Amino acid sequence: MGIGIGIGFSGWPFGETNPEAFWSAVDLAENLAIDSLWLSDRVVSEALSLEPVVALSWVAARTRKMKFGTSVMALPLRNPTVLAKELATLDFLSGGRLLLAVGLGRDDDTELQACGIHRSERAGRTEEMVQLLRALWSENGVSAEGKYYQFRDVTIAPKPAQANPPIWVGGRSSPAFRRTARLADGWLGSQMTAEEVGSAIIRIRQYAAEYGRQIDHDHFGVLFNFCFARDAAEAARIARPYALRNRHDVDFVETSALGTAHDITAAIQRFIDAGASKFVARPACPPAAIHDQLKRLGTEVIPRFT
């Protein structure tokens with residue numbers, strides 16, 4: 001099982017709004033043994049948040065080795081044909097480095113209304129779009145006769161460099177597990193304990209068997225906060241104001257990797273023991289510490305797994 005450890009950025013964690021702050025982090029990640037770079041997707045936001053397709057196009061042009069992906073892209077907010085064209089172009093020009101994790105998007109009526117989508121349509125649109133992306137990337141003369149998308153004899157070119165770009169589904173709910181099992185190539189969980197990840201993987205495999213499918217054992221991933229410090233307690237204190245925390249039932253400490261290099265290595269190993277092999281590590285620290293945190297991840301932890 002190949003272990004891949006990438007980094008993820010939600011919103012704009014760099015403090016100053018100068019784009020060079022982002023490029024500095026991208027360049028550092030490219031020069032370290034970091035597998036991939038992932039961006040979140042927020043169409044409507046008062047806080048600075050990069051549009052992922054545009055931003056990742058720039059990342060593709062600036063890098064040569066590192067892969068890049070979305071964690072996760074809100075499919076219902078987009079047009080399937082335009083998105084298929086954009087992502088195929090990005091994969092083609094980057095030599096096949098695109099990773100795509102998708103989901104329903106935020107439960108935010110303002111964002112949904114701004115994009116002309118009703119809350120009740122999110123799941124149906126997402127599922128239709130996954131199937132249409134696959135078809136548009138691999139076939140010519142594609143027709144759609146779904147509930148939300150209807151068109152005839154559509155072809156896009158170029159096709160992606162990857163013969164079958166994998167599509168992963170994000171989420172930690174039972175519907176997300178079933179969606180993964182029925183439609184996706186892999187799964188990306190977020191802010192989950194190792195025990196929850198292990199349980200989710202078992203359920204996804206069971207659901208996949210019901211649909212006559214099988215998810216590759218190498219296609220289960222986890223997004224988590226991380227922070228290096230002298231010990232776990234100090235790391236938790238530093239990380240708390242900056243950590244991604246949208247769960248109220250579990251303290252973020254239980255779903256994060258915090259402390260020394262040994263502590264963070266052990267936390268990742270627990271996810272591996274639960275069945276995951278791909279990771280998106282999100283630095284939870286003050287903006288001025290991001291470079292140091294990335295360096296430590298790339299030099300003190302990632303080599304232990306690669």
Side-chain angles (χ1 to χ4, degrees), residues 3-17 21-22 24-26 28-29 32-42 45-50 69 71-72 101 106 170-172 188-197 221-274 276 278-305:
I3 305 301
I5 302 176
I7 58 170
F9 297 126
S10 300
W12 185 263
F14 308 106
E16 59 178 322
T17 56
F22 177 64
S24 180
V26 170
L28 177 60
L32 294 168
I34 290 175
D35 174 76
S36 50
L37 183 147
W38 301 71
L39 297 179
S40 60
D41 185 16
R42 296 287 184 270
S45 173
E46 292 185 6
L48 196 160
S49 180
L50 300 176
S71 58
V72 296
R106 293 184 296 168
R172 53 178 178 265
L188 181 66
S190 174
Q191 300 180 75
M192 301 174 71
T193 66
E195 293 75 17
E196 289 174 329
V197 168
V222 183
L223 184 151
F224 60 89
N225 299 300
F226 79 94
C227 181
F228 287 89
R230 288 176 297 181
D231 55 41
E234 181 184 28
R237 178 183 60 78
I238 294 170
R240 191 172 294 276
Y242 304 97
L244 186 64
R245 292 186 292 160
N246 56 19
R247 293 187 66 175
H248 303 292
D249 57 329
V250 177
D251 192 306
F252 88 100
V253 170
E254 298 180 44
T255 64
S256 302
L258 305 169
T260 65
H262 174 79
D263 294 329
I264 291 174
T265 299
I268 295 173
Q269 186 61 54
R270 287 193 289 273
F271 287 129
I272 293 172
D273 293 341
K278 301 299 184 286
F279 302 98
V280 180
R282 180 186 177 278
C285 61
I290 285 180
H291 275 224
D292 180 64
Q293 293 286 320
L294 295 183
K295 286 178 182 177
R296 296 193 66 179
L297 182 73
T299 58
E300 299 179 31
V301 171
I302 290 178
R304 304 187 187 200
F305 296 101

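Everything quoted here is computed from the prediction, not taken from an experiment.
Note that CD1 of Ile7 is 4.5 Å distant from CD1 of Ile34, once rounded to the nearest 0.5 Å. A distance of 7.5 Å separates CD1 in Ile302 from CD1 in Ile268, rounded to the nearest 0.5 Å.
Side-chain atoms of Ser256 and Phe226, non-hydrogen and from C-beta on, never get closer than 4.5 Å to each other.
Sorted by first and then second residue, the pairs that involve residues 233-273 and meet ring-ring contact (aromatic ring centres under 6.0 Å, His included), not counting sequence neighbours, are Phe224-Phe271.
The main-chain N or O of Ala261 is never found under 3.5 Å from a side-chain atom of Arg296 such that the two would form a donor-acceptor pair. Judged by distance alone, the side chain of Arg304 and the main-chain N or O of Glu300 form a donor-acceptor pair under 3.5 Å. Under a 3.5 Å cut-off, the side chain of Gln293 and the backbone N or O of Phe228 do form a donor-acceptor pair. Checked by atom type and distance alone, the side chain of Glu196 never pairs as donor or acceptor with a backbone atom of Met192 at under 3.5 Å. Distance alone, capped at 3.5 Å, places no donor-acceptor pair between the Glu16 side chain and the Ala21 backbone.
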>> I'd like to know whether Arg282 forms a side chain to side chain contact (heavy atoms under 4.5 Å, CB included) with Trp38, so could you lay out the CA-CA distance, the side-chain angles of the two residues, the decisive distance to 0.1 Å, and finally the verdict.
In response: CA-CA 9 Å; Arg282 180 186 177 278; Trp38 301 71; over 6 Å; no

> Is there a side chain to side chain contact (heavy atoms under 4.5 Å, CB included) between Leu188 and Lys278 once you walk through the steps?
Replying inline: CA-CA 8 Å; Leu188 181 66; Lys278 301 299 184 286; over 6 Å; no

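With hydrogens and angles left out, the side-chain atoms of Arg247 and Thr255 include no donor and acceptor closer than 3.5 Å.
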